[in-house]
Amino acid sequence: MPPMSTPLCGEPESRGKAGALGLVLGHPFDTVKVRLQTQNKYQGIMDCMVKTYRHESAYCLAPFDLIKVRLQNQTEPRAQLGGPPPRYRGPVHCAACILREEGPRGLFRGAWALMLRDTPTLGIYFVTYEWLCRQYTPEGQTPSSATVLVAGGFAGIASWVTATPLDVVKSRMQMAGLERGAYQGMLDCIVRSARQEGLGVFFRGLLINSARAFPVNAVTFLSYEHLLLAWA
């Protein structure tokens, strides 16, 4: 029996945290549900998810993606006694610094590259998954868990093969705010990167992206298919 000081899963605090987590995780699915219930322009769950992400998410997520990239590129050690402090102390401080030094537009640096990266990638992502599932599933049957895992994993890799060139451009433009006048725009970034480092520069990070994409997307699609069965 656990000590009395250990919170039990049935206590109000634990229930509150579980409820909050459930709301966060369930909100995207609830949005899709409401749109399907109230609008007639979607052909199904997948179509609604793709169109919602394509039209609304990429640009809105650009500031968060920018902050993530800036923090990931911060190589200074955490503040030590007598040493220089890191440039950014956290996400909120990073956002405040960008606003102060680069203005509101600075938060959307690389947004067009992000949108151009994600729009075709989503189509390739879902088409690859559906095609692989149909190829390895007998007609009239639902895909097995193994098929879903493999199809989801390779769909993730296919999407990153397409996305990596613009992902490189996006990341370079996002970091360019630290160096005034580094790039005059997305096309300038592409031309200067290719001229200085060759076309291979646009596929840097593809291996690590693929290594991450396979397990992440395999589990994502398996969870998705099980949710569809649970809702059926």
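For reference, positions follow the sequence shown, starting with 1. Computed from a predicted model, the values in this text were never measured in an experiment.
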How far does [atom1] of [X] sit from [atom2] of [Y], to the nearest 0.5 angstrom?
X	Y	atom1	atom2	value
Ile157	Thr162	CD1	OG1	12.0 Å
Cys189	Lys170	SG	NZ	11.0 Å
Gln135	Glu130	CD	CD	12.5 Å
Arg212	Asn217	CZ	CG	8.5 Å
Glu197	Arg172	CD	CZ	4.0 Å
Ile98	Cys94	CD1	SG	4.0 Å

Among the clusters formed by ILVMFWY side chains lying less than 4.5 Å apart, do [X] and [Y] turn up in the same one?
X	Y	value
Leu99	Phe108	yes
Phe203	Leu114	no
Val219	Trp160	no
Leu187	Phe202	no
Val150	Leu222	no

Item to check | Leu207 atom CG: more than 12 heavy-atom contacts under 6.0 Å | outcome: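 Check fails, neighbour count at 12 or below.
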Where do [X] and [Y] come nearest, in terms of heavy atoms and distance?
X	Y	answer
Ala194	Leu199	CB-CD2, 4.1 Å
Val148	Pro143	CG2-CB, 3.8 Å
Ala176	Tyr183	CB-CD1, 3.6 Å
Gly106	Leu66	O-CD2, 3.0 Å
Thr128	Ala158	OG1-CB, 3.9 Å

Would you say [X]'s side chain and [Y]'s backbone share a donor-acceptor pair under 3.5 angstrom?
X	Y	result
Asp65	Leu61	no
Gln74	Pro86	no
Asp167	Ala163	no
Ser159	Gly156	yes

Checklist entry - Run the salt bridge (Lys or Arg N to Asp or Glu O under 4.0 Å) check on Arg87 and Glu101 step by step: do they pass? => result CA-CA 12 Å; Arg87 183 181 182 88; Glu101 297 168 7; 2.9 Å; yes
Do [X] and [Y] have side chains that approach each other closer than 4.5 Å (heavy atoms only, starting at C-beta)?
X	Y	answer
Leu116	Met186	yes
Ser193	Val169	no
Thr142	Thr137	no
Arg109	Arg70	yes
Glu225	Leu229	no

Next on the checklist: Apply side chain to side chain contact (heavy atoms under 4.5 Å, CB included) to residues Met173 and Trp112 and explain how you reach the verdict.
Outcome noted: CA-CA 10 Å; Met173 292 190 68; Trp112 278 110; over 6 Å; no
Checklist entry - Which one of Asn73, Leu71, Ile67 satisfies the side-chain contact (heavy atoms from CB on, under 4.5 Å) criterion with Val69? => result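 For Val69, the side-chain contact (heavy atoms from CB on, under 4.5 Å) check succeeds only for Asn73.
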Next on the checklist: So if I apply the ring pair (Phe, Tyr, Trp, His ring centres under 6.0 Å) rule between Tyr129 and each of Phe221, Tyr136, Tyr224, Phe154, which one comes out positive?
Outcome noted: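 The option that passes is Phe221.
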Checklist entry - Listed by chain and number, what are the side-chain hydrogen bond (donor to acceptor under 3.5 Å, both in side chains) partners of Thr164, not counting sequence neighbours? => result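 Testing Thr164 for side-chain hydrogen bond (donor to acceptor under 3.5 Å, both in side chains), a comparison that skips the adjacent residues, returns none.
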